[in-house]
Amino acid sequence: MNLFIFATVNHWLIKSEPFKYSWSQFEKDQSTFWDGVRNYQARNNLREMKIGDLCLFYHSNEGKEVVGVAEVIKEHYPDPTADDEQWLVVDVKPKMKLRNTVTLAQIKSDSRLSNIGLIRQGRLSVIKLSKEEFNIILSLSEN
DNA sequence: GCCAACGTTGGC
DNA sequence: GCCAACGTTGGC
């Protein structure tokens with residue numbers, strides 16, 4: 001009988017325009033609440049996030065590349081920047097900066113990632129990833 | 001700056 | 001409940 005309980009770690013990709021909030025600012029802050037989500041699907045993804053979940057940090061618009069990995073350190077609570085209680089944030093902290101960034105072009109050109117939410121639903125700002133997709137992107141950053 | 005892909009709003 | 005009009009995101 002196995003008495004160990006293995007937490008299920010989920011994987012995500014979160015987008016930020018570096019002009020608004022960049023990875024380097026994130027590293028300076030050491031943690032932040034992920035605010036400004038005003039889309040139901042993205043909100044639902046935030047609600048699913050658990051402590052210890054890992055998020056790829058993607059720079060949209062400028063850069064268009066994955067730059068680091070963040071870890072969820074506090075589960076969802078109402079977005080302090082919203083007037084409406086229905087919008088949520090989670091707290092995240094930087095876990096690891098990628099040795100090399102992984103560009104959208106690289107992701108698009110990798111056949112193993114052809115079904116990734118980042119491409120399928122380009123406008124969604126909080127995207128669920130499979131463990132495989134997450135690991136493939138990390139491996140691309142090692143090249 | 002343009003535009004595709006969505007999401008939201010509001011008239012009916 | 002449908003759909004046209006409009007707004008937003010984000011790649012190009």
Side-chain angles (χ1 to χ4, degrees), chain A residues 4-143:
Chain A
F4 291 110
I5 296 169
F6 293 99
T8 313
V9 176
N10 286 311
H11 300 85
W12 311 90
L13 183 145
I14 54 180
K15 289 183 184 176
S16 182
E17 295 183 47
F19 176 71
K20 289 181 186 157
Y21 194 80
S22 67
W23 174 265
S24 57
Q25 185 61 47
F26 188 35
E27 281 190 333
K28 275 182 210 150
D29 294 345
Q30 278 306 300
S31 77
T32 190
F33 53 86
W34 202 258
D35 66 322
V37 170
R38 300 288 184 274
N39 166 286
Y40 292 111
Q41 210 181 335
R43 191 273 316 267
N44 292 345
N45 285 339
L46 287 180
R47 194 163 50 199
E48 265 190 68
M49 286 187 183
K50 301 291 181 209
I51 288 174
D53 280 4
L54 299 174
C55 309
L56 295 177
F57 191 116
Y58 176 80
H59 279 165
S60 62
N61 271 314
E62 287 173 57
K64 285 168 279 181
E65 56 192 7
V66 178
V67 289
V69 179
E71 181 181 346
V72 177
I73 55 171
K74 184 177 178 186
E75 291 170 17
H76 65 88
Y77 58 97
D79 186 337
T81 70
D83 349 325
D84 190 334
E85 283 276 301
Q86 68 166 324
W87 302 117
L88 306 173
V89 296
V90 297
D91 284 0
V92 287
K93 70 169 185 191
K95 187 174 180 68
M96 179 181 83
K97 184 177 182 173
L98 296 189
R99 175 131 50 99
N100 299 297
T101 62
V102 179
T103 65
L104 180 63
Q106 281 176 277
I107 291 169
K108 278 189 164 174
S109 65
D110 193 308
S111 61
R112 295 170 298 172
L113 298 173
S114 58
N115 210 30
I116 197 170
L118 180 64
I119 298 168
R120 267 199 353 266
Q121 270 187 289
R123 295 176 55 224
L124 191 59
S125 60
V126 181
I127 298 163
K128 192 165 194 173
L129 300 178
S130 70
K131 193 171 94 183
E132 290 71 25
E133 290 164 342
F134 182 89
N135 286 329
I136 289 166
I137 291 172
L138 282 193
S139 72
L140 292 175
S141 77
E142 299 296 320
N143 295 334

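Throughout, protein chains are lettered first and strands after them, A, B, ... in sequence-line order, and every chain is numbered starting at 1.
With respect to R47(A) and E75(A), no salt bridge is recorded, no charged nitrogen being found less than 4.0 Å from a carboxylate O. Classification of D79(A) and R38(A) as a salt-bridged pair holds, one side-chain N sitting under 4.0 Å from a carboxylate O.
R38(A) comes within 4.0 angstrom of no nucleic acid atom, judged by non-hydrogen atoms across all strands.
Put simply, CD1 on I14(A) is 17 Å from P on dT9(C), counting in whole angstrom units. Note: CG (L118(A)) to P (dA5(B)) measures 16 Å, nearest angstrom. Summarising the geometry, the separation between CD1 on I119(A) and C1' on dC6(B) is reported as 17 Å, rounded to the nearest angstrom. The separation between Q41(A) atom CD and dC6(B) atom P is 10 Å, rounded to whole Å. Atom P of nucleotide dT8(B) and atom CH2 of W87(A) are separated by 7 Å, given to the nearest angstrom. Remark: P of dC12(C) and CD1 of I107(A) are 11 Å apart, rounded to the nearest angstrom. Atoms CG (L104(A)) and P (dT9(C)) sit 18 Å apart, rounded to a whole Å. If you measure from atom CZ of R120(A) to atom C1' of dT9(C), you get 17 Å, rounded to the nearest angstrom.
A ring-centre distance under 6.0 Å is found for F57(A) and W34(A).
The phosphate of dC6(B) has neither OP1 nor OP2 within less than 4.0 Å of any side-chain N or O from Q121(A). Put simply, K64(A) has no side-chain N or O that comes within less than 4.0 Å of OP1 or OP2 on dT9(C). OP1 and OP2 of dT9(C) both lie 4.0 Å or more from every side-chain N or O belonging to Y58(A).
Side chain of K15(A), nearest nucleotide from dT8(C), dG10(C), dC12(C): dG10(C). Comparing dT8(B), dC12(C), dG7(B) by their nearest atom to the side chain of Y40(A) picks out dT8(B).
Between the side chains of D84(A) and Q86(A), at least one donor-acceptor pair of N or O atoms lies under 3.5 Å.
At least one test fails for K28(A) against the ring of F26(A): distance under 6.0 Å to the centre or angle within 45° of the axis.
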